[in-house]
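Please find one structure pasted underneath; my questions will follow.
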Amino acid sequence: MKGRGRYLAVVHSVHLSCLAFASFFALVPVLASQAQMDPIPTEENRMRELVDDLKDLIQKADGDDRSEPGLLRQLRDLVGRYDWPWRVLLLREDFRDGDYTYDPPWIVNHGEFRVVNGSGLKTVFHPVRQGRYLADTKGENPVDVLDEIFGRVREREEKDDLQRTSPSAAEIYTQLDISNAFAVKVQLKLSGYHDRNNRLELGPYLTDERNSGYRLAYESGNGPSISLLRVAPGSSAVIEIWDRGVDVEDGNPHIIEWRRRADGEMVVFLDAKEIIRAMDRAPIDWFDGFSIINKGGDYELTEISIFGAYR
């Protein structure tokens, strides 16, 4: 009878929590598809306490063979819709102080980065283009032909030297402990370069070399796309890509939100619309920092926020 009483008490607690949960959301509507990246008000703190209590009760009921599987499954789905595990503010940067080298310190590896009042962090990078091919010299004066050939050879050698010594991208990064589960929000503006193949990558990295981790990449051109990548030294793998209706090069601010749960599920939003949902269970404990890589283009980043989970 004692076991039966404990079971009924747990079920009663779950029932009361569900009623409180439903009543709370009737008074305080929350959009499940929108990431809560701003400072947490008191109402949301109360909501998260309710979620945590309900999760504890579900776990207790789950250990009893007499629990109703259908009810528990519905409760888990409900909790999953409103649970927000990223509760530690790791970084919030809007560059209003005019100095990206302080609080938090950002380090420029290559390229041009500067803070523009009222706009944020601006980065411009134009990669070195390949040289021209030799022109058709048929029927021309032999001396002119030789001069043209040697001149083009020198030009190509100079451009090859420039390509070898010039960086392939502009990069800025900040050293930061980021948990395996994280939530990133970036607000940015892109200038219109529909006729060029420009690319911006950002994401958490591992090790001081910053050549492994995850990256979210925007690429312009004839078919603009946003892709989710897992990178490693000398290689990268596309986890998922979205190339339908990506129109952000209009000079207006756009918001990209990227969330990763502890189980490896990652979701990406563009202006509050879900565009990518994928699973990647790479055995990563903590990341070592966050990098922004401009591989071609003109971008303004007005806000960056990163949330993590408790250790």
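Here the structure is a predicted model, which is why all the values come from computation and not from measurement. Computed over heavy atoms, backbone and side chain alike; hydrogens, waters and symmetry mates excluded.
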Distance in Å, Asp288 CG paired with Asp208 CG, rounded so as to fall on 0.5 Å steps: 7.0 Å
Ion pair check, Glu219 and Arg199, cut-off under 4.0 Å: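 Between Arg199 and Glu219 there is a salt bridge, with a charged N closer than 4.0 Å to a carboxylate O.
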Within one Ile-Leu-Val-Met-Phe-Trp-Tyr cluster: Val115 and Phe125, side-chain cutoff 4.5 Å: no
By side-chain contact (heavy atoms from CB on, under 4.5 Å) - contacts of Ser291 (at least two apart): Glu171, Tyr173, Tyr205, Ile293
Any Arg210 side-chain heavy atom under 4.5 Å of Asn109 side chain: yes
Qualifying residues under side-chain contact (heavy atoms from CB on, under 4.5 Å), relative to Ser212, sequence neighbours excluded: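 Ser212 satisfies side-chain contact (heavy atoms from CB on, under 4.5 Å) with Leu206, Thr207, Pro233 once adjacent residues are dropped.
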Closest approach of Ala181 to Arg261 (non-hydrogen atoms, all atoms of both residues): CB-C, 3.9 Å
Nearest-0.5 Å distance, OH of residue Tyr299 to CG of residue Leu188: 9.0 Å
Results of ring-ring contact (aromatic ring centres under 6.0 Å, His included) for Phe287 - residues two or more places apart only: Phe182
Val186 and Trp258, any side-chain heavy atoms less than 4.5 Å apart: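 Of all side-chain heavy-atom pairs linking Val186 with Trp258, none is under 4.5 Å.
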Set of side-chain contact (heavy atoms from CB on, under 4.5 Å) partners for Pro105, sequence neighbours left out: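 If we apply the side-chain contact (heavy atoms from CB on, under 4.5 Å) test to Pro105, skipping adjacent residues, there are no hits.
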For Tyr214, ring-ring contact (aromatic ring centres under 6.0 Å, His included) partners two or more places apart: none
Set of side-chain hydrogen bond (donor to acceptor under 3.5 Å, both in side chains) partners for Trp242, sequence neighbours left out: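 Per chain and number, Trp242 pairs via side-chain hydrogen bond (donor to acceptor under 3.5 Å, both in side chains) with no residue.
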Connected via hydrophobic side-chain network under 4.5 Å: Val246 and Ile241: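 Different clusters: Val246 never reaches Ile241 through Ile, Leu, Val, Met, Phe, Trp or Tyr contacts under 4.5 Å.
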Joint hydrophobic cluster, Ile292 plus Ile107, side-chain heavy atoms closer than 4.5 Å: no
Euclidean distance, Ile275 CD1 relative to Glu257 CD, rounded to 0.5 Å: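 Interatomic distance, Glu257 CD to Ile275 CD1, rounded to 0.5 Å: 11.0 Å.
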Gap between atom OG1 of Thr123 and atom CG of Asp298 - 0.5 Å precision: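 Rounded to the nearest 0.5 Å, the CG-OG1 separation comes to 8.0 Å.
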Main-chain N/O of Gly308 paired with Ser179 side-chain donor or acceptor, under 3.5 Å: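 It does not hold such a pair.
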Closest approach of Pro127 to Lys295 (non-hydrogen atoms, all atoms of both residues): CG-O, 4.0 Å
Non-hydrogen side-chain atoms of Arg87 and Phe307 separated by less than 4.5 Å: no
Partners passing salt bridge (Lys or Arg N to Asp or Glu O under 4.0 Å) against Asp94 (at least two apart in sequence or in another chain):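 Salt bridge (Lys or Arg N to Asp or Glu O under 4.0 Å) list for Asp94, sorted by chain: Arg96.
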Side-chain donor or acceptor of Thr302 paired with backbone N/O of Gln187 under 3.5 Å: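 Such a contact is found between Thr302 side chain and Gln187 backbone.
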Contacts of type side-chain hydrogen bond (donor to acceptor under 3.5 Å, both in side chains), residue Arg215, not counting sequence neighbours: Glu201
N/O donor-acceptor pair under 3.5 Å between Asn294 side chain and Gly297 backbone: yes
Minimum heavy-atom distance between Arg259 and Ala183, given as atom pair plus value: CG-CB, 4.0 Å
Val248 side chain reached by Ile256 side chain, heavy atoms, under 4.5 Å: no
Side-chain touch Met266/Ile239, heavy atoms, less than 4.5 angstrom: yes
Between CD1 on residue Ile306 and CG on residue Asp177, distance to nearest 0.5 Å: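 Spacing of CD1 (Ile306) from CG (Asp177) equals 11.5 Å.
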side-chain hydrogen bond (donor to acceptor under 3.5 Å, both in side chains) partners of Glu240, counting only residues at least two apart: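 Once residues adjacent in sequence are excluded, Glu240 has no partner under the side-chain hydrogen bond (donor to acceptor under 3.5 Å, both in side chains) criterion.
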pair Glu274-Val267: side-chain heavy atoms closer than 4.5 Å: yes
Main-chain N/O of Asn211 paired to Glu209 side chain as donor or acceptor, under 3.5 Å: no
Gap separating the CZ atom of Phe269 from the CD1 atom of Ile255, nearest 0.5 angstrom: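 Reported value, rounded in 0.5 Å steps: 12.5 Å.
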Non-hydrogen atoms of Glu93 and Pro104 that approach each other most closely: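 Of all heavy-atom pairs spanning Glu93 and Pro104, the closest is OE2-CD, 3.1 Å.
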Min side-chain heavy-atom separation Trp106-Gln175 under 4.5 Å: no
Could you list the donor-acceptor pairs under 3.5 angstrom formed between side-chain atoms of residues 223-232 and any protein atom two or more places apart in sequence or on another chain?
unit_1	atom_1	unit_2	atom_2	d
Arg230	NH1	Asp280	OD1	2.2
Arg230	NH1	Asp280	OD2	3.4

For Asn252, side-chain contact (heavy atoms from CB on, under 4.5 Å) partners two or more places apart: Asp250, His254
Pairwise side-chain contact, Phe290 with Leu202, heavy-atom cut-off 4.5 Å (strictly under): yes
Candidate list Arg281, Arg277, Arg260, test salt bridge (charged side-chain N to carboxylate O under 4.0 Å, His left out), partner Glu265, passing option: Arg277
Greater than 12 external heavy atoms within 6.0 Å of Asn117's CG: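 No, not enclosed.
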Nearest non-hydrogen partners of Gly296 and Asn198, listed with the distance: O-CB, 2.7 Å
Residue pairs fulfilling salt bridge (Lys or Arg N to Asp or Glu O under 4.0 Å) with at least one residue in residues 106-118, sequence neighbours excluded: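 Qualifying pairs: Glu112-Arg114.
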